[in-house]
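What follows is a single structure, written as structure tokens, with notes after it.
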There are 2 protein chains.
Amino acid sequence: MDMNQALDALAALGQKTRLEVFRLLVKAGTDGMHAGEIAEALNVRQNTMSANLAVLARAGLIRNEREGRNLRYFADMDGIRGLLAFLMEDCCGGNPTLCQPVLDALACEC
Amino acid sequence: MDMNQALDALAALGQKTRLEVFRLLVKAGTDGMHAGEIAEALNVRQNTMSANLAVLARAGLIRNEREGRNLRYFADMDGIRGLLAFLMEDCCGGNPTLCQPVLDALACEC
DNA sequence: TCGATATTTCATGATTTATGGATATGAATC
DNA sequence: GATTCATATCCATAAATCATGAAATATCGA
């Protein structure tokens with residue numbers, strides 16, 4: 001994760017619809033959700049949602065798999081973990097005893 | 001941490017100068033840095049930096065203490081911890097064995 | 001009180017971003 | 001191959017955001 005990736009990710013999450021999408025997908029876990037379901041759940045028009053999903057995907061926060069006519073979207077745990085690690089990098093001057101446990105613990109394998 | 005606070009925090013971090021400031025202050029830890037030092041370190045004009053510091057402070061990500069003519073800024077670990085917890089809330093449908101350790105570990109006391 | 005220093009506030013113009021309608025693509029079904 | 005469904009893309013417009021210069025505020029020392 002470098003600065004630009006982190007910026008993309010944070011900017012992507014700094015918008016209401018996209019933050020809601022991300023949290024919805026985090027909650028959905030490995031089941032994921034179809035694009036249409038997401039749009040309906042959040043009451044957002046299809047084209048707007050598509051654009052927002054694209055922003056999140058480009059930022060590495062979600063990914064999708066095609067299922068016939070549908071696209072199923074998932075939260076990308078690797079992406080969010082990398083972002084969190086970047087945010088806390090060199091925490092407290094890099095003192096490892098204080099902060100390394102935080103980063104290690106982000107190895108959540110949802 | 002509610003949705004609006006989280007949006008403020010993410011939008012605040014989704015801008016290059018502000019993300020750099022935040023990481024600088026995370027690195028500085030309990031020592032913090034003067035506003036002027038921060039502006040100089042990142043080569044940003046003082047009024048621009050002041051505006052950006054205000055955004056971060058309003059978002060609860062940094063805080064300051066006056067020291068004579070200077071303001072010393074610090075990363076607000078409570079703020080960032082709350083944000084990270086909000087992002088991962090109800091991860092995997094709230095399955096606690098998978099994801100609770102991540103949230104607990106964010107109790108880093110820098 | 002006066003001047004110097006550190007920082008913030010305000011107003012503005014320029015750039016970026018979000019949204020909605022229309023349209024296009026891609027996959028399944030008939 | 002025509003139709004239909006799910007989703008993506010294009011384009012124009014409205015809204016939000018950003019950096020900047022000028023002015024204001026707060027603190028310190030003489």
Side-chain angles (χ1 to χ4, degrees), chain A residues 3-25 28 31-76, chain B residues 3-25 28 31-76:
Chain A
M3 175 70 62
N4 285 328
Q5 287 179 282
L7 281 171
D8 285 347
L10 290 163
L13 290 174
Q15 201 266 352
K16 188 164 190 217
T17 301
R18 291 194 297 258
L19 180 54
E20 288 174 340
V21 169
F22 179 76
R23 280 164 47 88
L24 201 56
L25 289 176
D31 293 342
M33 288 175 75
H34 288 167
E37 278 185 289
I38 299 172
E40 191 177 2
L42 299 179
N43 202 30
V44 171
R45 287 173 190 255
Q46 180 270 322
N47 56 352
T48 299
M49 181 55 76
S50 174
N52 281 320
L53 289 171
V55 171
L56 285 166
R58 229 180 305 121
L61 292 166
I62 66 176
R63 60 202 163 67
N64 63 62
E65 284 171 16
R66 183 166 280 282
E67 273 182 9
R69 285 190 276 217
N70 302 312
L71 284 178
R72 183 176 291 274
Y73 279 89
F74 305 88
D76 185 329
Chain B
M3 174 69 63
N4 285 328
Q5 287 178 283
L7 281 171
D8 285 346
L10 290 163
L13 291 173
Q15 201 268 349
K16 187 164 192 222
T17 301
R18 291 194 296 257
L19 181 53
E20 288 173 339
V21 169
F22 180 75
R23 281 165 46 87
L24 201 56
L25 289 177
D31 292 342
M33 288 175 76
H34 288 167
E37 275 185 289
I38 300 172
E40 191 177 3
L42 299 179
N43 202 32
V44 171
R45 288 172 192 253
Q46 209 167 39
N47 55 356
T48 299
M49 181 55 75
S50 175
N52 282 320
L53 289 171
V55 171
L56 285 167
R58 227 180 306 122
L61 292 166
I62 66 176
R63 58 202 165 69
N64 63 61
E65 284 172 15
R66 183 167 278 283
E67 274 183 7
R69 285 187 276 215
N70 301 311
L71 284 178
R72 184 177 291 274
Y73 279 89
F74 305 88
D76 186 329

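Numbers restart at 1 for each chain; the letters A, B, ... are given by sequence-line order, proteins then strands. Quick note: numbers below take in every heavy atom, side chains included, and nothing from hydrogens, waters or symmetry partners.
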message: For A:Arg45 and A:Glu67, find the nucleotide of DNA chain C closest to each by heavy atoms; which residue's nucleotide sits nearer the 5' end?
response: A:Arg45
- prompt: Which letter, B, S or -, goes with each nucleotide of nucleotides 5-10 of chain C from 5' to 3', with contact meaning a protein heavy atom under 4.0 Å?
  reply: BSBBB-
Flag side-chain contact, heavy atom, 4.5 Å: [X] against [Y]:
| X | Y | answer |
| --- | --- | --- |
| B:Thr17 | B:Thr48 | no |
| B:Leu19 | A:Met3 | yes |
| A:Met49 | A:Ile38 | yes |
| A:Val21 | A:Asn52 | no |
| B:Tyr73 | B:Met33 | no |
| B:Val55 | B:Asp8 | no |

- prompt: Where does the chain B footprint on DNA chain D start and end, counting 5' to 3' with a 4.0 Å heavy-atom cut-off?
  reply: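 Contact span on the strand: D:dC18 to D:dC28.
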- request: Measure the angle between the two terminal helix axes of the helix from C:dT1-D:dA30 to C:dC30-D:dG1, five base pairs each, and quote it to 10°.
  value: 30°
How many angstroms lie between atom [atom1] of [X] and atom [atom2] of [Y], to the nearest 0.5 angstrom?
| X | Y | atom1 | atom2 | answer |
| --- | --- | --- | --- | --- |
| A:Arg23 | A:Leu42 | CZ | CG | 11.0 Å |
| B:His34 | B:Asn64 | NE2 | CG | 11.0 Å |
| A:Gln15 | A:Glu20 | CD | CD | 9.0 Å |

- request: Name all residues meeting the side chain to side chain contact (heavy atoms under 4.5 Å, CB included) criterion together with B:Asn4; count only those two or more places apart in sequence or in a different chain, and write none if there are none.
  value: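 With neighbours one apart ignored, the set is B:Asp2, B:Leu7.
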Sort me out a list of protein N/O and nucleotides 11-17 of chain C N/O pairs below 3.5 Å, or just none if empty.
none

task: Sequence neighbours left out, what pairs pass salt bridge (charged side-chain N to carboxylate O under 4.0 Å, His left out) with at least one residue falling in residues 34-55 of chain A?
output: none
field: Shortest non-hydrogen contact from A:Leu61 toward A:Ala12
entry: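 Shortest heavy-atom contact: CD1-CB, 4.2 Å.
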